[in-house]
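See structure below.
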Amino acid sequence: MFRPFSDILSFKALVHPRTSMNGINKERKKIMQKIHWGDLTPEQFLKDYWQKKPLLIKGAFKDFTDPIDANELAGLAMESEIESRIIACNNNEWQVEHGPFKSFDKFGEENWTLLVQAVNNWSRDTQSLLAAVDFLPQWRIDDVMVSFSTPNGGVGAHLDQYDVFIVQGEGKRRWQVGTPDSSLQLLLPHPDLKQVSTFAPVIDEVTEAGDLLYIPPNHPHKGVSIENSMNFSIGFQAPNNQELWSAFADKLIDENLGEARFPDKARSLTHRPEQLEQTDIEKLKVFMQAQLDDDNLFIPFIGKYLTQNHHALEILMPVSPIYSEQLSDILAEAENTLVPVSGIKSLIIPIHQGDESIERSYLYINGESFLIDKETIALATCLTKQQTLTTEKVKSLIINLKNEKLLTNVLNMGLWYVE
Ligand code: SIN
Ligand code: CO
């Protein structure tokens, strides 16, 4: 049962700094991992709804259990490295306060929402919600933001630039979603709060535990809590050109690359020296494009860029380095498990040969790259899944020295740890 707000304060000791991960994850909750699509399939969803139309799936998760409760969320909002906000509206006056919070007393029992970013970086049970969206590539996922709202609490009508799946946990909330509308007015009822004017909803429903709401980018939406309620928002990332070009330029500058000057050997006589001719424009574009087309540059750039986390992570470095011998000792203890840092981003980039066969791949974890060949691909694939590995499973994967090296590197960098 959901604990009333007054209990949040008394439970805060449960989530003391650094024990927060253990406190939250000690007893793993059974998280419902697959969406019950009803009449739809993931393929139809992608064709008809993804980035096009909002959708509410009632009962998408049967017997949904909140991966984190309000007390634990309140505890995370007390931590300085975790981004949190409280948005309240009393007598039509909007108020925004940023965490870390020492106390929640002054907000009372209604009209406010606590929002905590990247809760999946601190709660493995929350991270496991992401398995529900495995019909999309994991590099598109940003984080799971969790909100706790008291009756009448909400952040007001607003737009998000990214796709979001909102899972309703405990409690009930009225969600309204509209369609993009250029006549909507942008409002700033508080310097830290962007809202939009009233919109015509195409979805207007009360959500209950296990319901799933999909909202495409730039669709106005508004959720108002009917009772104390929890929402789990899976947010997606889509870099814009400014961010990509700027990060790519940073790489060239940091690594002293791209210093070669524009080549001009085949120049012919010009009769219009004051003009920049189309042929030269094309040559300049080709000159710049060559950098993007060079996979030796672009792949390390994009692999690192897409696996860097936008929020703090709990990286756990081993006290002393792990070599082959220590790894054997770890694997000899059947009760040990190998665990990824919660929320860590990883991906594999296969390198295709001319004949389309894959000779090698790159594994990226949290911006770090590892060269993978056929013998290490099975282990690398396991390392990209946010799943705890038993020693038995690890032993079946460590079939040669290369695998052992990959695993010890990953452990020594604190990207995975032993529990
Ligand atoms: C919330 O959970 O209150 C906000 C989620 C959203 O509108 O994106
Ligand atoms: Co939103």
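Order of appearance sets the numbers: ligands from 1, and atoms from 1 within every ligand. Hydrogens, waters and symmetry mates play no part in the numbers below; they use all other heavy atoms, side chains included.
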- prompt: Listed by chain and number, what are the side chain to side chain contact (heavy atoms under 4.5 Å, CB included) partners of N400, not counting sequence neighbours?
  reply: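 N400 satisfies side chain to side chain contact (heavy atoms under 4.5 Å, CB included) with E375, K402, N403 only.
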
- request: Could I get the full list of side chain to side chain contact (heavy atoms under 4.5 Å, CB included) partners for P191, not counting sequence neighbours?
  value: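 P191 satisfies side chain to side chain contact (heavy atoms under 4.5 Å, CB included) with no residue once adjacent residues are dropped.
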
Return a table of N or O atom pairs, ligand 1 on one side and protein on the other, at distances under 3.5 Å, rounded to 0.1 Å.
unit_1	atom_1	unit_2	atom_2	d
ligand 1	2 (O)	S147	OG	2.7
ligand 1	2 (O)	R173	NH1	3.3
ligand 1	3 (O)	R173	NH1	3.0
ligand 1	3 (O)	R173	NH2	3.0
ligand 1	7 (O)	H158	NE2	3.1
ligand 1	7 (O)	H221	NE2	3.2
ligand 1	8 (O)	D160	OD2	3.2

message: Tell me the angle that OD2 of D160 and NE2 of H221 form around the Co ion (ligand 2), rounded to 10°.
response: 90°

- request: Please list all pairs passing the ring pair (Phe, Tyr, Trp, His ring centres under 6.0 Å) test where one or both residues lie in residues 361-386, with sequence neighbours left out.
  value: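 Non-adjacent pairs meeting ring pair (Phe, Tyr, Trp, His ring centres under 6.0 Å): zero.
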
- prompt: Got a donor-acceptor contact below 3.5 angstrom from the D254 side chain to the K251 backbone?
  reply: no

field: Salt-bridge contact D373-R360 (side-chain N to carboxylate O under 4.0 Å)
entry: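 Salt bridge between D373 and R360, a charged N being under 4.0 Å from a carboxylate O: no.
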
task: May I ask you to decide whether R140 forms a salt bridge with D163, counting only side-chain N to carboxylate O separations under 4.0 Å?
output: yes

